[in-house]
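Report on the following structure.
Note that these values count all heavy atoms, side chains included, but never hydrogens, waters or copies made by symmetry.
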Amino acid sequence: MTGWLRVVLIVASLAVMALVLVKIRKAQMRIADSTFWFLFAAIMVVFAVFPQVPFFFSFLIGIDSPSNFVFLFVIGALFVHEFYLTVELSRLRAKTATLVQHVALREEDEGKDG
C-alpha cells in the first residue's frame, strides 16, 4: 500500500469523523446512526496506520494487492450499510402507509359524526 493511499485514508477518515460530529451536534444525525460511520472511519485509520492488517487480510483472501483489499472492503461495507438502510426504509414506508390509513379512517369517522 503506497504512502499516498495511507495519507488519503487518514485524512478522509478524520474528515468523516469530524463531519459526523458536526451533524450530531446540530441534531441532524442520531448517535445510533453515527456508530457505523465512526467504526468505518476507525477501521480505515487502522488500515492506514498499520498496513500489515490489509496485507494480512489480502494474503488470507488471496488478493494480490492490499490496496485492492481496502477498496473491496470499502465497497463491501457500503453495500451492507445500503442493504440495512433499504430494509429500514421499507419498514418506515409500511409504517407510514398504515398511519395514513388510520388517519383517513379517523377523518371519515369524524365526518360521519359531525
Side-chain angles (χ1 to χ4, degrees):
M1 184 167 23
T2 65
W4 178 245
L5 178 60
R6 292 172 67 187
V7 170
V8 168
L9 283 176
I10 291 172
V11 170
S13 298
L14 294 177
V16 166
M17 287 181 179
L19 181 64
V20 169
L21 283 175
V22 167
K23 293 294 183 182
I24 290 172
R25 286 188 183 148
K26 291 183 178 182
Q28 294 175 340
M29 182 179 227
R30 295 181 328 161
I31 294 175
D33 295 330
S34 67
T35 54
F36 167 81
W37 293 108
F38 276 123
L39 183 62
F40 185 74
I43 290 171
M44 291 298 109
V45 169
V46 168
F47 284 172
V49 173
F50 303 106
Q52 306 91 325
V53 175
F55 270 99
F56 171 75
F57 283 113
S58 63
F59 175 76
L60 189 70
I61 296 172
I63 298 173
D64 290 335
S65 172
S67 59
N68 288 345
F69 168 76
V70 170
F71 292 132
L72 180 66
F73 176 81
V74 167
I75 292 168
L78 292 178
F79 270 136
V80 169
H81 189 253
E82 177 65 22
F83 173 76
Y84 282 109
L85 287 177
T86 302
V87 169
E88 178 71 11
L89 181 62
S90 296
R91 187 183 65 78
L92 289 174
R93 283 182 177 166
K95 211 172 187 180
T96 301
T98 302
L99 182 61
V100 167
Q101 291 168 357
H102 284 298
V103 169
L105 288 174
R106 181 169 288 168
E107 286 177 356
E108 185 178 329
D109 287 344
E110 289 174 1
K112 289 180 181 177
D113 292 339

Check your understanding: Can you hop from F71 to F73 via hydrophobic side chains spaced under 4.5 Å?
Key -> yes
Check your understanding: Near R91 CZ, under 6.0 Å, is it more than 12 heavy atoms from other residues, nucleotides or ligands?
Key -> yes
**Study point:** Shortest non-hydrogen separation from V16 to W37 and the atoms involved
**Key:** CG1-O, 4.2 Å
Point to revise | Joint hydrophobic cluster, L14 plus F36, side-chain heavy atoms closer than 4.5 Å | key: yes
Revision key, fill the gap. Between M44 and S13, the two heavy atoms sitting closest are CB-OG, 3.0 Å
Practice item. To the nearest 0.5 angstrom, please state how far the CZ atom of R6 sits from the CD1 atom of I10. Key: 7.0 Å
**Study point:** Residue L89 excluded, over 12 heavy atoms near CG under 6.0 Å
**Key:** yes
Review point. Taking all non-hydrogen atoms of both residues, which atom of S34 and which atom of I31 are closest, and how far apart?
Key: OG-O, 2.6 Å
Point to revise | Verify same cluster id: V45, V7 (apolar side-chain graph, 4.5 Å) | key: no
Check your understanding: Shared ILVMFWY cluster between V11 and L21, side chains joined below 4.5 angstrom?
Key -> no
Check your understanding: At what distance, to the nearest 0.5 angstrom, does NE2 of H81 lie from CG of D33?
Key -> 7.0 Å
Study note, to complete from the structure: Closest non-hydrogen atoms of A42 and M17, given as atom of the first, atom of the second and distance, are N-CE, 3.7 Å
Practice item. Calculate, to the nearest 0.5 Å, the distance between atoms CG and CG belonging to L92 and L99 respectively. Key: 11.5 Å
Exercise for review: Show the numbers, then the answer: is there a side-chain contact (heavy atoms from CB on, under 4.5 Å) between T35 and L39?
Suggested key: CA-CA 6 Å; T35 54; L39 183 62; over 6 Å; no
Exercise for review: Could you state whether V74 and L19 fall into the same hydrophobic cluster, counting links through intermediate Ile, Leu, Val, Met, Phe, Trp or Tyr residues with side-chain heavy atoms under 4.5 angstrom apart?
Suggested key: no
Pairs under 3.5 angstrom only: tabulate donor-acceptor contacts from the side chains of residues 47-66 to other protein residues two or more places apart or in another chain.
| residue | atom | partner | partner atom | Å |
| --- | --- | --- | --- | --- |
| S58 | OG | P54 | O | 2.9 |
| S58 | OG | F55 | O | 2.9 |
| S65 | OG | S67 | N | 3.3 |
| S65 | OG | S67 | OG | 2.8 |

